[in-house]
Visitor: 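Sending over a structure as C-alpha cells; questions will come in a sec.
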Amino acid sequence: MKVQAKLLLRRGFTGMLILLMLAAGWPASSAFAASASSIAAGRGPHAVAVNPATNRVYIANADSDSVTVLEDTVEGGVVAVANIAAGTTPYAVAVNPLTNQIYVANADSDNVTVIDGATNSTAEVGTGNLPVAIAVNTTTNKIYVANLGDDTVTIIDGADPGVNTVTVPVGESPFALAINEAANKIYAANVDGDTLTVMDGASNSVSVIPTGAGPNALAVNPLTGNVYVANFYSDTVTVTDGTTSSTLNVGIAPTAVEVNPATGMIYVANTGSNSVTIIDGATHNLSTVPVGIGPDALAVNTATNQIYAANYNSNDVTVIDGAGLATSTIAAGRNPIAAAVNAGRNSVYVANFNSNDITVIAEGQQVSTAELGALSVSAGVLQPAFAPGILTYSVEVGHAVSSIRVTAAAYDSATTMLLNGQPYSGGLSSPISLHTGNNPVILVTTAEDGSTSKTFTVNVNRAAAPIEENPATTPGTTVPKPSDVIETASGVLLTEHAAILSVKKAEETGSQAETTAMLHMDSLEKALDMLKGKAKDAQTIRFELSGAAAIRNVGIPAAWLVAAADEYRNAGMEIRTESGSYTLPVNFPTLTAQLKQLGGKLENATVFLTMETITGAAKERIAEQAAAAGMTLIGDIMDFTLRIEADGDSRTFTDFGRTYVSRSIMTAGSAIPAEQATAVRFNSQTGEFTFVPSTFTLGGTEIRILHLGNGLYATVQSKRSFADMQGHWAQADVELLASKHIINGRTPTGFVPEGNVTRAEFVSLIVRALGLGADSAVVGSEFADVAEGDWFAGAVGAAVKAQIVSGFGDGTFRPNDTITREQMSVMLAKALAFADKSIAVTGKLLPVLAAYQDKAAISSWAQVAVAQMTESGIMTGKTDRQFVPQDLATRAQAAVVIKRMLQLGGFIN
C-alpha cells in the first residue's frame with residue numbers, strides 16, 4: 001500500500017487505522033500525580049522538539065505554516081516567546097543544542113527552515129520532494145532530511161547551510177530517520193520499500209537491510225548500537241546491528257518506537273491494538289501494557305524512567321512507570337500527535353493537533369536527585385558548557401591526546417554513578433583510552449530511590465594523525481633498510497627495519513603502555529616476491545613486535561592487501577608478540593571486498609590489528625565470572641581487534657564471512673593438559689563464555705585459536721564428569737567435550753548416554769563445536785515448524801546460514817524428531833565443508849559404500865555423506881557389514897562423532 005503523499009501525510013496514514021482503533025477497549029487508569037496545563041500554539045501543531053540548553057520548546061504548526069516558540073522558565077512556568085513563519089506545512093522539527101539551531105522540514109514547500117535560537121532569524125534550504133522527517137547529528141553538525149516524494153535524503157551542513165548540501169538516494173518512501181552518533185551511522189526507514197537504508201556519515205555510502213512491511217518509525221540504542229524498526233503493516237519490529245537482523249512480533253500497527261538508554265528498554269506504540277510493547281534490550285523478552293485509543297507518539301524521561309504515550313483518538317496521555325509498568329492517565333487536548341521531554345525541567349510537551357495547543361505535563365521536581373552538579377574533562381572543552389538538564393556534550397581533542405579523564409559530581413551524595421558501565425564514585429576518573437574518531441563516554445546516574453536515573457553522554461572526537469606532516473608514517477613512502485626482510489624456512493621474516501615504531505609509556509597515555517608499528521609498503525612487496533615458488537606451508541610473512549606493552553598495534557597498508565589477495569592466496573601475515581600472535585590471511589574475501597569499497601581512499605588506508613592484554617580490575621572481574629561458571633582462568637585475556645582507517649575515518653571490521661582466522665595466546669606456567677582446557681570467547685555484555693576451536697601447541701604452553709571473528713579470548717581449565725558415564729565406552733570423549741563446554745548433560749550429574757538425540761539437539765551441538773554465533777533471523781521464513789523464540793532457533797538459523805542444514809521438502813525442519821544415522825552423516829559432512837575440511841571421495845564412492853550390505857537402504861541424498869564419514873573414520877558401520885542408516889543415534893554416539901569431527905578439522909587436539 002502506498003503511503004498517502006499529500007498534505008499532512010501522518011493524518012492520512014493514521015486515518016486508515018480509525019476502524020482498528022475504535023474496535024479496541026479503554027485501558028484501566030489511575031490518577032497521575034503530575035500537574036498539567038495547556039498553552040496555545042499555531043494551527044495544527046504536528047511536531048515538537050526541545051532545546052535542553054535553553055529550555056525552549058519548538059512546535060511545528062502544519063496548518064498555519066509557523067513555528068511556536070515556548071520557554072520553560074523556573075519560576076514563571078511555560079511562556080510563549082515567539083511565533084516564527086516557516087515554509088508550507090511544517091511537518092517535522094529537530095534541534096542542535098550545541099549550535100542552538102533549529103531545523104523545520106516543510107513538506108509542501110520542499111525546504112527546511114533554519115531558525116537561529118538566539119535571534120529567531122530564519123533561512124531557507126532546499127531539499128528533495130516532500131520532506132517529512134529530520135534528524136541532527138550533533139557530533140558532525142550534519143542535518144539529515146528524509147524526502148518521501150523522491151526517495152532521497154538531503155544532507156545539510158550545519159556550519160554553512162545551503163552551501164554544501166548533498167542528496168543521497170535511499171529506499172522507496174523514506175519516512176523516518178535515526179542517528180547513531182557514536183558510529184556516525186544514519187538510518188532511514190523506507191515505508192514503501194520495506195527496507196532500512198544504512199548510511200555511513202563519513203562517506204555517504206549506503207547499504208540496505210530488509211525489514212518487515214511498512215517500516216515507519218525507528219530508534220537507536222546508543223549503548224548497544226542496535227536499531228529498532230517498527231513495521232506498520234506486518235505488526236513487527238526489526239532489530240539489527242547493521243550486519244545481522246531479527247524480528248519481534250509486537251502489537252497491531254506499530255507506529256512509534258523509543259529507547260531508554262538508562263535502562264536498556266525499548267518502547268513500541270501499537271496504534272491498532274491500543275498498547276505499548278516493552279522490549280528488553282538485553283534479552284528481547286516482550287511485555288505489553290494497555291494504553292489509550294490510537295497511541296501515535298512516545299516520549300521517554302530518562303531521569304524519572306517515565307514513558308508517555310500520546311493517544312490520538314482518546315485525547316489523553318498514558319504515563320507508564322518504567323520500573324513497575326503501572327499506568328496512569330492524564331487528559332490532553334484534541335488528537336495528541338507528538339510529545340517531547342525536557343529532563344532538566346521534568347516536563348513533557350504534547351502537541352494536540354486539532355485543539356491547536358500544547359499540553360504541558362510537569363512532574364514537579366525541577367532537579368531530580370539523579371542530577372549532576374558538575375561535569376568537566378581533562379582535555380578539550382565541553383560543548384555546550386555544563387548546565388543541569390543538558391544530557392549530551394561534545395569535546396574536540398587533537399590526535400596527541402590518547403586518553404581523557406572525566407570529573408563529575410552528583411547533587412545528592414546518595415546518587416550512584418556508572419562511567420562506561422563501571423562503578424564510579426565521582427571526582428577524577430581513571431584515564432579513558434581514545435581511538436581516532438568519536439569516543440562516546442556514557443555516565444549514568446541513579447538516585448537513591450533506585451528508579452530515577454539520567455544518562456549523560458560526552459562524545460569525545462579525537463582528531464586523525466597528521467599523516468601529511470610525517471610522510472615517513474604513510475605506507476609506501478619510506479625506503480626500507482637493506483635488512484628489513486629475511487627469508488626463512490616458513491616464509492619471510494620482517495625485521496624492525498620494516499616498520500616505523502612508536503612507543504607510549506603508561507604515564508603518557510594515562511592508562512596502558514602502547515606500541516604501534518606501521519609496516520612499510522616496500523618491505524611487504526619485497527616479502528611477497530620472496531614467497532614466489534615456495535610451498536603452501538611456507539607462505540607466512542612474520543613480524544615480531546617486541547616489548548611488554550599491554551596494547552600493541554600493527555598497521556598494514558590496505559592497498560597492499562588488496563593487490564596481494566588474488567595472487568598470493570595461501571599467504572598469511574603473522575604478527576607475533578610476547579603474549580601471543582595473530583595471522584591475518586592475505587586472501588580474506590570479506591575484508592578485501594570492504595577495502596575495495598574505499599575507492600580513491602584505498603591508497604591512504606591502513607588496516608590496524610590491535611592486540612590488547614586485559615589487566616587489573618577488568619581481568620579480575622572476568623576471572624571471577626569464569627570461576628562462577630566452573631572454570632579456572634589460565635594466563636592472559638586478550639582482546640583482538642581489526643579496524644580500517646582511511647582519511648580520518650575509523651571503522652571496526654567484523655564481517656569474517658566463512659574465514660577462520662588464527663590467533664594464539666601464551667599460557668602461564670607449565671604445560672596444560674589439552675583434555676581439560678580450552679580457549680573461550682567472553683561476551684562482556686552477557687557475561688557468557690563460549691567454546692572456540694582451539695589446540696595447544698609448543699608443548700601445551702601456547703593455545704592456537706580459530707574463530708570467525710574477534711573479541712575477548714581467554715584460556716580456561718575445568719574438569720567435568722557425569723555419574724552415569726563412569727565405565728561407559730564413550731566416557732573419555734564425553735568428559736573431554738564437557739570440559740571444553742561443548743556438550744552438556746541432561747541434568748547437572750547425568751549425561752544419559754543411551755538417550756536419543758533430536759535434530760535440534762544435534763544441530764545445536766554442531767553450531768557450538770564450530771564456534772558459530774546464534775542467528776535466529778532466518779528461521780521463521782525458512783521453516784514452518786521453527787519459531788524465533790524456540791530455544792534452538794538461533795542454532796538452526798546459524799546452521800542454515802552456514803548451509804549445514806536445509807530441512808525437508810515440505811518446508812519443515814522437524815526439530816523434535818530423533819536424528820537418524822544418515823541425517824547425522826549429512827550434517828557432519830556439511831559442517832566439515834563449511835570449515836573447508838571436506839573429505840574427498842571422488843572415485844571412491846561405490847567402493848566405500850560396497851562394504852555395506854545394506855547400502856541400498858541409504859537414501860540417495862545421504863550416500864556421499866555416508867561415504868565421506870566412513871572414509872574419514874568419523875562414523876563407521878554398526879557392524880563391519882551394516883551401516884543401518886535409519887537407526888536412531890544416541891547421545892553417546894553424537895558426542896563421539898563430534899569429537900572426531902573436531903579432531904579431523906584441527907579444531908581440538
Visitor: Could you check whether T697 and E702, counting side-chain N and O atoms only, form a donor-acceptor pair closer than 3.5 Å?
Guide: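 Checked: E702/T697 side chains pair up, N/O donor to acceptor below 3.5 Å.
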Visitor: According to side-chain hydrogen bond (donor to acceptor under 3.5 Å, both in side chains), who are the partners of K855, at least two apart in sequence or on a separate chain?
Guide: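 Here no residue qualifies.
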Visitor: Okay, side chain of Y660, backbone of L770: is any donor-acceptor separation there less than 3.5 Å?
Guide: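 Indeed, once roles are kept as given, a pair shorter than 3.5 Å links the two residues.
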Visitor: Between Q886 (side chain) and T820 (backbone), is there a donor-acceptor pair under 3.5 Å?
Guide: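 Between the backbone of T820 and the side chain of Q886 there is no qualifying donor-acceptor contact (under 3.5 Å).
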Visitor: Determine whether K596 and L602 make a side-chain contact, defined as any pair of heavy atoms from C-beta on separated by less than 4.5 Å.
Guide: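 Not touching, per the 4.5 Å side-chain cut-off.
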Visitor: Can you list everything that forms a ring-ring contact (aromatic ring centres under 6.0 Å, His included) with F883? Sequence neighbours excluded, please.
Guide: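 If we apply the ring-ring contact (aromatic ring centres under 6.0 Å, His included) test to F883, skipping adjacent residues, the hits are Y852.
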Visitor: Give every donor-acceptor pair under 3.5 Å between a side-chain atom in residues 901-909 and any protein atom, sequence neighbours left out.
Guide:
from: Q903; atom 1: OE1; to: K899; atom 2: NZ; distance (Å): 3.4
from: Q903; atom 1: NE2; to: N909; atom 2: O; distance (Å): 3.0
from: N909; atom 1: OD1; to: F696; atom 2: N; distance (Å): 2.8
from: N909; atom 1: ND2; to: F696; atom 2: O; distance (Å): 3.1

Visitor: Please list, chain by chain and in numerical order, all residues satisfying ring-ring contact (aromatic ring centres under 6.0 Å, His included) with H707, sequence neighbours excluded.
Guide: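 Result, ring-ring contact (aromatic ring centres under 6.0 Å, His included) vs H707: Y713.
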Visitor: Quick check: does any side chain N or O of K740 sit under 3.5 Å from a backbone N or O of A677, one acting as donor and the other as acceptor?
Guide: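 Yes, the answer is positive, given that a donor and an acceptor are paired below the 3.5 Å cut-off.
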Visitor: Is the side chain of T197 donor-acceptor paired with the backbone N or O of V208 at a distance under 3.5 Å, no angle test?
Guide: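 Such a contact is absent between T197 side chain and V208 backbone.
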Visitor: Using a 3.5 Å distance criterion without hydrogens, assess whether the side chain of R542 forms a donor-acceptor pair with backbone atoms of E574.
Guide: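 No: the side chain of R542 does not pair with the backbone of E574.
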Visitor: Got I839 and I874 here, is their nearest side-chain heavy-atom distance under 4.5 Å?
Guide: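 Side-chain contact under 4.5 Å: no.
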Visitor: Report the residues that fulfil side-chain hydrogen bond (donor to acceptor under 3.5 Å, both in side chains) with T238, sequence neighbours left out, ordered by chain and then residue number.
Guide: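 By the side-chain hydrogen bond (donor to acceptor under 3.5 Å, both in side chains) rule, T238 matches N231.
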Visitor: Rounded to the nearest 0.5 Å, how far apart are CG of D817 and CG of N756?
Guide: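 So the CG of D817 and the CG of N756 are separated by 11.5 Å.
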Visitor: Heavy atoms, side chains only, cut-off 4.5 Å: are W560 and L528 in contact?
Guide: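 They are in contact (side-chain heavy atoms under 4.5 Å apart), so the answer is yes.
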Visitor: What verdict does the side-chain contact (heavy atoms from CB on, under 4.5 Å) test give for R663 and N710, after you've listed the backbone C-alpha separation in whole Å, the side-chain angles of each residue and the deciding distance to 0.1 Å?
Guide: CA-CA 10 Å; R663 77 290 314 268; N710 282 325; 3.5 Å; yes
Visitor: Under the side-chain contact (heavy atoms from CB on, under 4.5 Å) criterion, do L531 and V492 qualify, and how do the steps go?
Guide: CA-CA 7 Å; L531 293 183; V492 174; 3.8 Å; yes
Visitor: Could you work out, with side-chain hydrogen bond (donor to acceptor under 3.5 Å, both in side chains) as the rule, every residue matching R821, not counting sequence neighbours?
Guide: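 R821 satisfies side-chain hydrogen bond (donor to acceptor under 3.5 Å, both in side chains) with no residue once adjacent residues are dropped.
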Visitor: Supply the atom-to-atom distance L196 CG to N190 CG, rounded to the nearest 0.5 angstrom.
Guide: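 So the gap between those two atoms works out to 7.5 Å.
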Visitor: Testing T240, T211, D775 one by one against S245 for a side-chain hydrogen bond (donor to acceptor under 3.5 Å, both in side chains), which residue passes?
Guide: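 Filter result, single survivor: T240.
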Visitor: Search all heavy atoms of V734 against all heavy atoms of I743 and return the closest pair with its distance.
Guide: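 Smallest interatomic distance, heavy atoms only, reads O-CG2, 3.9 Å.
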Visitor: Would you please say whether a donor-acceptor pair under 3.5 Å links the side chains of D655 and T590?
Guide: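 There is no such pair (donor and acceptor under 3.5 Å, judged by atom type) between the side chains of D655 and T590.
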Visitor: State whether the side chain of D636 and the backbone N or O of M638 hold a donor-acceptor pair below 3.5 Å, judged by distance alone.
Guide: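 Answer holds: no.
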Visitor: Looking only at heavy atoms, which two atoms of I266 and G281 are closest? And how far apart?
Guide: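 Smallest heavy-atom distance, with atoms named: CD1-CA, 3.6 Å.
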Visitor: Taking all non-hydrogen atoms of both residues, which atom of A679 and which atom of S694 are closest, and how far apart?
Guide: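 Nearest heavy atoms, A679 then S694: N-OG, 3.1 Å.
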Visitor: With a 3.5 Å distance limit and no angle check, can you tell me whether S872 reaches the backbone of Q868 through a side-chain donor-acceptor pair?
Guide: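 Here the side-chain-to-backbone pair exists.
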Visitor: Report yes if some heavy atom in the side chain of V786 is under 4.5 Å from a heavy atom in the side chain of F792; otherwise report no.
Guide: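 With C-beta onward as the side chain, the pair touches.
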Visitor: Any side-chain heavy-atom pair from Y582 and M573 closer than 4.5 angstrom?
Guide: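 They are not in side-chain contact.
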Visitor: Is there a side-chain contact between V805 and V826, using heavy atoms and a 4.5 Å cut-off?
Guide: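 In short, these two side chains do not touch, never coming nearer than 4.5 Å.
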Visitor: Just so I know, are the side chains of P753 and M725 near enough to count as touching, which here means a heavy-atom distance under 4.5 Å?
Guide: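 The answer is yes, as the side chains (C-beta and beyond) meet within the 4.5 Å cut-off.
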Visitor: Residues two or more places apart in sequence or in another chain: which of them pass side-chain hydrogen bond (donor to acceptor under 3.5 Å, both in side chains) with R891?
Guide: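 Not a single residue meets the side-chain hydrogen bond (donor to acceptor under 3.5 Å, both in side chains) criterion with R891.
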Visitor: I would like to know whether F762 and I898 meet side-chain contact (heavy atoms from CB on, under 4.5 Å); could you show each step before the answer?
Guide: CA-CA 9 Å; F762 192 69; I898 289 292; 4.1 Å; yes
Visitor: Can you find a pair of side-chain heavy atoms, one from V767 and one from I804, that are under 4.5 Å apart?
Guide: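 Sidechains of I804 and V767: no contact.
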Visitor: Taking V884's backbone N and O only, do any of them form a donor-acceptor pair with D854's side chain (distance below 3.5 Å, no angle check)?
Guide: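 Judged by distance alone, yes, a pair lies under 3.5 Å.
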Visitor: Taking CD in Q685 as the centre, count heavy atoms belonging to other residues, nucleotides or ligands within less than 6.0 Å. Is the count above 12?
Guide: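 Atom CD in Q685 is not crowded, with 12 or fewer foreign heavy atoms closer than 6.0 Å.
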Visitor: Quick one: which residue pairs count as a ring-ring contact (aromatic ring centres under 6.0 Å, His included) with a foot in residues 718-753, not counting sequence neighbours?
Guide: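 Passing the test, one end in residues 718-753: F722-F751.
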Visitor: So, using side-chain contact (heavy atoms from CB on, under 4.5 Å) as the criterion, who are the partners of P589 when residues are at least two apart?
Guide: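 Once residues adjacent in sequence are excluded, the partners of P589 under the side-chain contact (heavy atoms from CB on, under 4.5 Å) criterion are N587, T659.
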Visitor: To the nearest 0.5 angstrom, please state how far the CG atom of N744 sits from the OG atom of S764.
Guide: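 Taking CG in N744 and OG in S764, the distance rounds to 10.5 Å.
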Visitor: Working to the nearest 0.5 Å, report the span between CG of N816 and CZ of R759.
Guide: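 The CZ atom of R759 is 10.5 Å from CG of N816, to the nearest 0.5 Å.
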Visitor: Measure across I858 and Q863 and return the closest heavy-atom pair with its distance rounded to 0.1 Å.
Guide: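 The answer is O-NE2, 3.5 Å.
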Visitor: Is it the case that the side chain of R643 and the backbone of L609 share a donor-acceptor pair, with hydrogens and angles ignored and the cut-off at 3.5 Å?
Guide: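 No; judged by distance alone, with no hydrogens or angles, the pair does not exist.
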Visitor: Working to the nearest 0.5 angstrom, can you tell me the gap between N221 CG and D241 CG?
Guide: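 So the gap between those two atoms works out to 12.0 Å.
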Visitor: Of all the heavy-atom pairs spanning D194 and G212, show the shortest one and how long it is.
Guide: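 Scanning both residues completely, I find the closest heavy atoms to be CB-O, 3.4 Å.
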Visitor: Between atom CD of Q853 and atom CD of Q882, what is the distance when rounded to the nearest 0.5 Å?
Guide: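 Between atom CD of Q853 and atom CD of Q882 there are 5.5 Å.
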Visitor: According to side-chain contact (heavy atoms from CB on, under 4.5 Å), who are the partners of S806, at least two apart in sequence or on a separate chain?
Guide: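 S806 satisfies side-chain contact (heavy atoms from CB on, under 4.5 Å) with K830 only.
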Visitor: List for me each residue that meets ring-ring contact (aromatic ring centres under 6.0 Å, His included) alongside F813, sequence neighbours excluded, and say none if there are none.
Guide: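 F813 satisfies ring-ring contact (aromatic ring centres under 6.0 Å, His included) with F783 once adjacent residues are dropped.
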Visitor: Give the minimum heavy-atom separation between G225 and N180, together with the two atoms involved.
Guide: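 Scanning both residues completely, I find the closest heavy atoms to be CA-ND2, 3.6 Å.
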Visitor: Among all residues two or more places apart in sequence or in another chain, which pass the ring-ring contact (aromatic ring centres under 6.0 Å, His included) test with F656?
Guide: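 Applying ring-ring contact (aromatic ring centres under 6.0 Å, His included) to F656 gives F588, F653.
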Visitor: Any sub-3.5 Å donor-acceptor pair from D785's side-chain atoms to R814's backbone N or O?
Guide: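 Looks like yes, one N/O pair under 3.5 Å.
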Visitor: Quick check: are there more than 12 heavy atoms from other residues, nucleotides or ligands sitting under 6.0 Å from CG of D880?
Guide: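 No, the 6.0 Å shell around CG holds no more than 12 heavy atoms from other groups.
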